[in-house]
Amino acid sequence: MIGVGKIKQYSNVLDKPLNKGKQEVSLSAFAFLFSELVQYNQTQVDNIAELERRLEDAGYAVGARVLELLCHRERGNRRETRLLGILSFVHSTVWKILFGKVADSLEKGTEHEDEYMISEKELLVNRFISIPKDMGTFNCGAFVAGIVRGVLDGSGFPAVVTAHFVPMEGQQRPRTTILIKFAEEVLRREARLGG
Amino acid sequence: MHAISQQLSPTIGCTGIDLLEADTFDLHCFQSLTGTKFFVVCEPGTLYMDVLLKLIYELYTDHVLKNPFYEMEMPIRCELFDLNLFQAVQKDRVALLGR
């Protein structure tokens, strides 16, 4: 019979096994969808700060779900409890699942104890986006910052996460830095655990 | 121009102007499936302009259409599009003319 493939069709989506492979999505399809997300939010807000917050909130929902999925798929239902552990989890595992590669670099902030930075030469979500001059420092990477915040919040590391453009000499396009600022309680707990 | 040429054309099945040759310049045209037209003005006798036009079309779909801040029918002010277009033309010039 034509059309009967090897894949078993589940009538209830909840019965589908969670480990069902990693499918790939077309970059163009995602780019159009993301562009539409930004455009839709633009019509709903009055200023740029609101737009950034909305994109971040959208990313937060993604982050929370990605954390659950990854903990089950990759980590065998364990989650990180140490600061460096969760940071390297975000930097490698989360980035690998979302963007197909690990993040370019993970650095500790020099000015403050509670700041860490994940840098990327060019965020995947920003690949086709050119910010007009009159939007100032707006960065669609706020979506990715939201994802990171969702992952960190879900793991018990409350933080403020923002995305910034950092101009580099010798390169036309600035690189993007996700700045993570952990809450007080995280540092206190980390100190108590002997970090 | 396309509509006029379609009616004037001596051959059947004409879809519009592809190439306009003049003394001091050539005008190449590429029409997408949606009717968006791309024109390139170049020195007479330049080769491989259709390849360049296809490349420009690709750049257009990538950096202009996927840009949430671009409004349709407005002049294109996308930094990425300009950058990649410039690079494509430079590469083209170097490869073809050795300059």
Side-chain angles (χ1 to χ4, degrees), chain A residues 25-45 47-48 50-56 58-59 99 120-144 146 163 165 167-168 170-176, chain B residues 15-16 28-42 46 48-99:
Chain A
V25 175
S26 143
L27 177 61
S28 299
F30 173 72
F32 281 120
L33 184 64
F34 187 69
S35 160
E36 196 50 42
L37 177 75
V38 176
Q39 283 180 50
Y40 172 74
N41 282 314
Q42 251 189 315
T43 60
Q44 308 262 317
V45 302
N47 57 59
I48 302 203
E50 264 289 305
L51 182 60
E52 268 203 37
R53 212 181 55 80
R54 282 202 168 219
L55 279 184
E56 244 203 73
F99 307 122
E120 184 88 45
K121 182 150 176 273
E122 174 143 58
L123 278 179
L124 193 77
V125 303
N126 279 342
R127 170 107 60 109
F128 301 118
I129 299 183
S130 327
I131 312 274
K133 296 278 186 299
D134 55 353
M135 296 203 85
T137 51
F138 174 66
N139 190 339
C140 290
F143 182 69
V144 177
F165 279 126
M168 303 284 291
Q171 275 173 33
Q172 221 121 25
R173 303 264 293 159
R175 42 186 299 154
T176 311
Chain B
T15 52
H28 292 259
C29 173
F30 172 75
Q31 190 175 13
S32 74
L33 290 166
T34 57
T36 311
K37 297 173 193 43
F38 295 86
F39 293 99
V40 168
V41 179
C42 55
T46 324
Y48 308 117
M49 277 298 115
D50 51 346
V51 175
L52 180 67
L53 276 167
K54 290 237 165 45
L55 197 67
I56 296 176
Y57 181 47
E58 255 186 61
L59 290 179
Y60 174 75
T61 56
D62 272 348
H63 299 287
V64 176
L65 294 181
K66 290 174 190 161
N67 192 2
F69 304 108
Y70 170 71
E71 295 161 32
M72 293 301 299
E73 316 289 337
M74 301 293 283
I76 299 174
R77 285 193 217 292
C78 306
E79 199 190 314
L80 272 175
F81 179 67
D82 294 334
L83 201 69
N84 282 298
L85 185 61
F86 180 73
Q87 279 173 355
V89 170
Q90 287 296 82
K91 200 168 58 151
D92 201 54
R93 184 184 292 177
V94 168
L96 293 183
L97 304 177
R99 280 192 230 154

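None of the values given here were measured: they were computed from a predicted structure. All chains are named by letter (A, B, ...) in the order of the sequence lines, taking the proteins before the strands, and each is independently numbered beginning at 1.
We find the CZ-CD1 distance between B:Phe69 and A:Ile131 to be 4.5 Å, quoted to the nearest 0.5 Å.
Residue contact with chain B, scored on non-hydrogen atoms closer than 4.5 Å, involves the side chain of A:Phe138 exclusively.
Annotation: side chain of B:Leu65 is not in contact with side chain of A:Phe128 (no heavy-atom distance under 4.5 Å).
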Under 3.5 Å, what donor-acceptor pairs does chain B form with chain A?
{"residue": "B:Lys66", "atom": "NZ", "partner": "A:Ser28", "partner atom": "OG", "Å": "3.0"}
{"residue": "B:Asn67", "atom": "OD1", "partner": "A:Ser130", "partner atom": "N", "Å": "3.4"}
{"residue": "B:Asn67", "atom": "ND2", "partner": "A:Ser130", "partner atom": "O", "Å": "3.3"}
{"residue": "B:Leu80", "atom": "N", "partner": "A:Ser130", "partner atom": "OG", "Å": "3.2"}

